[in-house]
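One structure below.
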Amino acid sequence: MTQPDFAHRVLAWYDRHGRTQLPWQQDPTPYRVWVSEIMLQQTQVATVIPYYTRFMQRFPDINALANAPQDAVLQHWQGLGYYSRARNLHRAAQTIRDQHHGVFPQTLAAVEALSGIGRSTAGAILSLACGQAHAILDGNVKRVLARYHAVAGYPGQSAVQRQLWQYAEQHVPPSRNAAYTQAMMDMGATLCTRRKPACLLCPLQADCTAAKQGNPQDYPAPKPKKVLPEKQRFALVLRNPHGEIGLEKRPPSGIWGGLWSFPEYADEQAALHALHTDFADSPAKQPPMLKHLAPLSHTFSHYRLHLQPILVDLHMSDTRIMAADRWLWYNTTQAFSGGLSSAAQRLLKNLKEIT
DNA sequence: AACTCGGGGAC
DNA sequence: GTCCCAGAGTT
């Protein structure tokens, strides 16, 4: 589809289905559009409307906002969250008062220079309020474009972001830009929704790559799970001549708090040191038998644990294992009465299989 | 309980 | 440049 066709279809859809009754669309001055855009960055339209109405009553123009105490501004933001945006809004109003004679600037660069306004919000304000031909790239537009062009990858990645901006610029029509900008946001909000997009009602459906592939819901790619930190730990699996296994009660807080598990160490050296000092008698005369067992991996919400178990066959059961409430010898032929860490459960199971 | 949203700030 | 965060709503 040629460039004008894309915008023409979007505009034709807007003329029939676009939103025209939103409060900031009545008398869309840069100030009114600006405030709405900042509120809409964090909150959906239905929630924003009452806040917007109250805000505009209290701060009807840039100077009213600039001259208000910050407390009053924050008070009118109470419940919207992201209070730094209210502070930025307030600061930008003062910048406009002090550096632009109280008149909202009309160039993209000057608007972008204001606190809390980036490339997309600047484009939106100048498009919606002034009819200038700028692209925007908010969450709604990202979704529409990522699907239409089947842009793979998470939009947080700079390369993906760059590609989306390029498409956004490419489709910008030379005229009716305000309607086009509003239409793209409306399409993203009402048709091209994150889940269950209404492709059958979409004016772009016939040429939308993702729709043609049948997988619009796969775009844009979700934020990648952050790579969890990996922790390597060593555990002593102590076995006495009766075949009983030494278990340690973990501290009440932290991972597996209060559960029984194998004594665990940051590295092998610490494990062996503990073995000699805490558990084995006369290591020099009769060193215990050591054997590395298959390592275990366990994923927690905030890290991945790789546990290297070291099986230790002690020559005597009377080790220096002390403090009965924190230590015990477990007879593995019996059911264990108490909480076992998942690591201990798996290790005991593995142990049964190899013996 | 996980995911989302544009811009700012730390690095 | 890149990563992480804010915070309430939505799913």
Side-chain angles (χ1 to χ4, degrees), chain A residues 22 24 30 33-52 54-55 70 73-96 105 108-128 134-147 151 153-169 181-182 184-198 216-229 299-303:
Chain A
L22 300 171
W24 42 91
V33 170
W34 170 34
V35 172
S36 77
E37 285 299 317
I38 301 299
M39 288 186 171
L40 289 165
Q41 280 173 10
Q42 65 207 42
T43 312
Q44 301 207 152
V45 167
T47 312
V48 159
I49 287 176
Y51 281 93
Y52 182 80
R54 272 179 269 135
F55 197 93
Q70 191 188 68
V73 180
L74 290 174
Q75 185 192 325
H76 282 73
W77 211 265
Q78 189 68 51
L80 275 177
Y82 279 97
Y83 299 95
S84 67
R85 290 171 202 226
R87 289 192 291 272
N88 281 333
L89 193 70
H90 189 216
R91 193 184 322 155
Q94 294 172 335
T95 303
I96 296 170
L108 203 58
V111 176
E112 261 193 89
L114 297 168
S115 303
I117 301 181
R119 181 176 175 187
S120 184
T121 303
I125 296 168
L126 290 177
S127 167
L128 294 171
H134 298 298
I136 67 161
L137 193 63
D138 70 358
N140 289 315
V141 177
K142 277 180 199 167
R143 204 160 47 244
V144 172
L145 295 176
R147 287 172 177 170
V151 177
Y154 172 59
Q157 294 175 314
S158 54
V160 177
Q161 173 102 331
R162 229 180 356 262
Q163 179 70 78
L164 289 171
W165 268 112
Q166 190 185 316
Y167 286 131
E169 302 275 9
T181 294
Q182 186 66 50
M184 289 293 282
M185 298 193 295
D186 287 357
M187 281 176 46
T190 64
L191 295 183
C192 201
T193 50
R194 195 151 62 85
R195 284 187 286 208
K196 295 195 196 171
Q217 68 285 354
D218 291 347
Y219 299 89
K223 183 186 174 82
K225 303 272 179 218
K226 89 166 157 212
V227 179
L228 297 177
T299 304
F300 299 96
S301 59
H302 47 309
Y303 65 89

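As the structure is a prediction and not an experimental result, all values here were calculated from the model. Order of the sequence lines sets the chain letters (A, B, ...), proteins ahead of strands, with each chain counted from 1.
Between A/Thr43 and C/dG9 there is no side-chain N or O to OP1 or OP2 distance below 4.0 Å. Between A/Arg195 and C/dT10, a side-chain N or O to OP1/OP2 separation shorter than 4.0 Å is absent.
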Please set out all donor-acceptor pairs under 3.5 angstrom arising from side-chain atoms of residues 135-144 of chain A, sequence neighbours excluded.
{"unit_1": "A/Asp138", "atom_1": "OD1", "unit_2": "A/Asn140", "atom_2": "N", "d": "3.1"}
{"unit_1": "A/Asp138", "atom_1": "OD1", "unit_2": "A/Val141", "atom_2": "N", "d": "2.9"}
{"unit_1": "A/Asn140", "atom_1": "OD1", "unit_2": "A/Arg143", "atom_2": "NH2", "d": "2.8"}
{"unit_1": "A/Arg143", "atom_1": "NE", "unit_2": "A/Cys192", "atom_2": "O", "d": "2.7"}
{"unit_1": "A/Arg143", "atom_1": "NH2", "unit_2": "A/Gly188", "atom_2": "O", "d": "2.7"}

With a cut-off of 3.5 Å and sequence neighbours excluded, list every side-chain donor-acceptor pair involving residues 39-48 of chain A.
{"unit_1": "A/Gln41", "atom_1": "OE1", "unit_2": "A/Arg85", "atom_2": "NH1", "d": "2.7"}
{"unit_1": "A/Gln41", "atom_1": "NE2", "unit_2": "A/Thr121", "atom_2": "OG1", "d": "2.7"}
{"unit_1": "A/Gln42", "atom_1": "NE2", "unit_2": "A/Leu80", "atom_2": "O", "d": "3.1"}
{"unit_1": "A/Gln42", "atom_1": "NE2", "unit_2": "A/Gly81", "atom_2": "O", "d": "2.9"}

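In this structure, A/Gln217 atom CD and C/dT11 atom P are separated by 16 Å, rounded to whole Å. In this structure, CD of A/Glu37 is placed 15 Å from P of B/dC5, rounded to the nearest angstrom. Between A/Lys196 atom NZ and C/dT10 atom P there is a gap of 17 Å when expressed in whole angstrom units. Rounded to a whole Å, the CG atom of A/Leu89 is 13 Å from the P atom of B/dG7. The interatomic distance linking A/Met39 (CE) with C/dA8 (P) rounds to 15 Å, in whole Å. C/dT10 atom P lies 14 Å from atom CG of A/Asn140, rounded to whole Å. Between A/Arg143 atom CZ and B/dT4 atom P there is a gap of 10 Å when expressed in whole angstrom units. Put simply, CG on A/Leu80 is 18 Å from P on B/dC5, counting in whole angstrom units.
With DNA chain B read from its 5' end, the first of the two nearest nucleotides for A/Ala221 and A/Trp165 is the one closest to A/Ala221. In terms of position along DNA chain C, the nucleotide closest to A/Tyr82 lies nearer the 5' end than the nucleotide closest to the other residue of the pair A/Tyr82 and A/Arg194. Nucleotides of DNA chain C nearest to A/Lys223 and A/Gln44 differ in position, and the one nearer the 5' end is that of A/Lys223.
Within the 3.5 Å criterion, the main-chain N or O of A/Arg91 finds a donor-acceptor partner in the side chain of A/Thr95. Using a distance-only test at 3.5 Å, with no hydrogens or angles considered, a donor-acceptor pair links the side chain of A/Arg147 to the main chain of A/Pro216. Within the 3.5 Å criterion, the main-chain N or O of A/Val33 finds a donor-acceptor partner in the side chain of A/Ser36.
Among the heavy atoms of the strands, none lies under 4.0 Å from A/Arg87. Counting non-hydrogen atoms under 4.0 angstrom, A/Gly156 reaches nothing in the nucleic acid.
Comparing B/dA10 with C/dG7, their P atoms are spaced 15 Å from each other, to the whole Å. To the nearest whole angstrom, the two P atoms, one in C/dA6 and one in B/dC11, are 15 Å apart.
Salt-bridge formation is detected for the pair A/Arg119/A/Glu169: a Lys NZ or Arg NE/NH1/NH2 atom is positioned less than 4.0 Å from an Asp or Glu carboxylate oxygen.
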Extract from the structure each pairing of a protein N or O with an N or O of nucleotides 8-11 of chain B at less than 3.5 Å, listing the distance.
{"unit_1": "B/dG8", "atom_1": "OP1", "unit_2": "A/Gly116", "atom_2": "N", "d": "2.3"}

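Taking 4.5 Å as the limit, some side-chain heavy atom of A/Leu114 sits within range of a side-chain heavy atom of A/Ile96.
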As a quick check of understanding, evaluate side-chain contact (heavy atoms from CB on, under 4.5 Å) for A/Tyr82 and A/Ile38, giving each step before the final call.
CA-CA 10 Å; A/Tyr82 279 97; A/Ile38 301 299; over 6 Å; no

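Of the candidates B/dT4, B/dC5, B/dG7, the closest approach to any side-chain atom of A/Ser120 belongs to B/dG7.
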